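Below is one structure, written out as structure tokens; the observations come after it.
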Amino acid sequence: MQGTKVTVIGAGIVGVCSANYLLKQGFEVEVIDPALPGSEDQCSYGNAGGICPGSCIPNSMPGVLKNVPKWLMDPEGPLYVRLAYLPHALPWLLRFLAASRKSRVEEIAAAMRSLHRYTFDCYEPLMKEAGCEELLQKRGQLFVYESEDGPAKGAYGLSLRRNHGVRVEILDADQIRQLEPALAPIFKSAVYLPEQGQCPNPGRLVARLAEHAARQGARFIRARVRGFETGPNGASAVLLEGGERRPVDQVVLAAGAWSAELARQLGDRIPFETERGYHVMIGGAETGLRIQTISADRKFVASPMEEGLRIAGNVEFSGLKMPPNFFRADALLRQARPMFRKPIEGEVKRWMGHRPGTPDSIPVIDRARHAPNVIYAFGHGHQGLIAGSVTGRVVAEMAAGQKTLIDLTPFKAGRF
């Protein structure tokens, strides 16, 4: 253990969970982020809300290559690449396609399950201490299809889940109606994962965990880290925009989509992209939906939230600086309207956030190669809310020099 203070860069779900678990280890903790924890400026805020220990299906699966042209040609499809950005995104996309090899998918699925299986175990004590236990609801997760053979077409994914101990139930149209009567009769089959969970307000969860950390002594600093000062033993200080220099003992880099550039300054070039995601929140919508439901055909998620109904999904590659293209959000709402028996009515708010994506769907949890006092904890992509609590516990164990809860070999930065 190097010193008694840990500086966490990033106050999203991974950062605030890390802060809480570092405090449990007895560290002095400061958290640096330009955004207010839980605010709309964070990727964590816009998450669809799934907290699923059984999540083990990579984004890149066998056969994905044949679907990419179809998705790109569909203006409302689940994948969009701005033409001017394609040369920048192409190396990442090629790695993404390479990760769809069946042998690699098996390895990735095992790594995802190893990280996610402890999500309830690591969230529940934090939520209890923070007084927000109602933000974890264990109602399962539902994947619905508009054809009777939907689950059969996804047989390989079902076998992956079952092989990793995930409970899976196949439903017909009548069973869908009994389980989730809010859904329209367009759905003919479904896959139900009864042991999964959901959070009805991810932004509030981040805020409450940050408040709890602050009560325990963590210091939150509203600023952006622009780089590091390094010495013979690694990082000696973080440099903030505006010129402030803050000395450090150990650092946890959990800055989401902004992490790769900071890691590059430390000598680690990690293939990384912002997978821009959109959602629409329909405030006060009364569809009657209880269970987070995924349209398996159209690749979007419908989640009942405290504020109403959230429709989230799709991936856009346009970088960190381009303004949002809210046509993508409007497309989600258009596709979701036929999904329910009741009309979707309420105030519509649109949002875009930057998912921090590696091409193989799993994060980097490792020490910097040339700065061993810096712990990487980023790249969770679509799974940040699921893996946030486990990642927080693991990096605290790393900082304390303890054996980690899981084997971190699959998450090494040098795997690329």
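Keep in mind the model is a prediction, meaning the values are calculated, not measured. For the numbers below, each heavy atom of this structure counts, side chains included, while hydrogens, waters and symmetry mates do not.
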Which residues share a side-chain hydrogen bond (donor to acceptor under 3.5 Å, both in side chains) with [X], sequence neighbours left out:
X: Tyr376; answer: Asp268
X: His354; answer: Thr274
X: Lys128; answer: none

Just checking, [X] and [Y]: is the charged tip under 6.0 Å from the six-membered ring centre and within 45° of the axis?
X: Arg161; Y: Phe143; result: yes
X: Arg310; Y: Tyr45; result: yes
X: Arg328; Y: Phe300; result: no

Before accepting this row, confirm whether a basic side-chain N of the pair [X]/[Y] lies closer than 4.0 Å to the acidic partner's carboxylate O.
X: Lys5; Y: Asp249; value: no
X: Glu40; Y: Lys349; value: no
X: Asp360; Y: Arg95; value: no
X: Arg298; Y: Glu146; value: yes

Exercise. Please name the pair of heavy atoms, one in Ile362 and one in Ala111, separated by the smallest distance, quoted to 0.1 Å.
Key: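 Heavy-atom minimum between the residues: CD1-CB, 4.1 Å.
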Quiz item: At their closest point, which heavy atom of Ala260 faces which heavy atom of Ile270, and how far apart are they?
Solution: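 Looking at all heavy atoms of both residues, the closest pair is CB-O, 4.4 Å.
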Quiz item: Got a second to check how far His88's NE2 is from Phe317's CZ, nearest 0.5 Å?
Solution: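 Between atom NE2 of His88 and atom CZ of Phe317 there are 11.5 Å.
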Quiz item: When rounded to the nearest 0.5 angstrom, what is the spacing between CZ in Arg276 and CE in Met322?
Solution: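 Separation between the atoms: 7.0 Å.
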Practice problem: Return the orientation label for the Trp351 and His279 ring planes: parallel under 30°, perpendicular over 60°, tilted otherwise. | Solution: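 Answer is parallel, since the angle falls under 30°.
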Side-chain donor/acceptor pairs under 3.5 Å, residues 200-207, sequence neighbours excluded:
from	atom 1	to	atom 2	distance (Å)
Asn201	OD1	Gly203	N	3.4
Asn201	OD1	Arg204	N	2.9
Asn201	ND2	Glu306	OE1	3.0
Arg204	NE	Glu306	OE1	3.1
Arg204	NH1	Glu134	OE2	3.2
Arg204	NH2	Glu134	OE2	2.9
Arg204	NH2	Glu306	OE2	2.6

Exercise. Decide yes or no on salt bridge (Lys or Arg N to Asp or Glu O under 4.0 Å) for Arg215 and Glu129, but give the supporting numbers first.
Key: CA-CA 11 Å; Arg215 288 194 296 270; Glu129 293 162 9; over 6 Å; no
Quiz item: What residue pairs, at least two apart or across chains, pass side chain to side chain donor-acceptor pair (under 3.5 Å) with a residue in residues 111-122?
Solution: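 The answer is none; no pair qualifies.
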Quiz prompt | Pairs touching residues 378-392 that satisfy side chain to side chain donor-acceptor pair (under 3.5 Å), sequence neighbours left out | solution =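 Sorted result for residues 378-392: Ser55-Gln383, Glu275-His382, His380-Thr391.
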Quiz prompt | Result of checking Tyr278, Tyr85, Tyr80 against Glu316 for side-chain hydrogen bond (donor to acceptor under 3.5 Å, both in side chains) | solution =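 It is Tyr278; the other options fail the test.
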Quiz item: Between Gln292 and Gln196, is any side-chain donor less than 3.5 angstrom from a side-chain acceptor?
Solution: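 On atom types as modelled, these side chains do not qualify, holding no pair under 3.5 Å.
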Quiz item: Do you know which of Leu193, Ile294, Leu183 makes side chain to side chain contact (heavy atoms under 4.5 Å, CB included) with Leu142?
Solution: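 Only match with Leu142 under side chain to side chain contact (heavy atoms under 4.5 Å, CB included): Leu183.
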Quiz item: Got a sec: does the CD of Glu397 have more than 12 other heavy atoms crowding it under 6.0 Å?
Solution: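 Yes.
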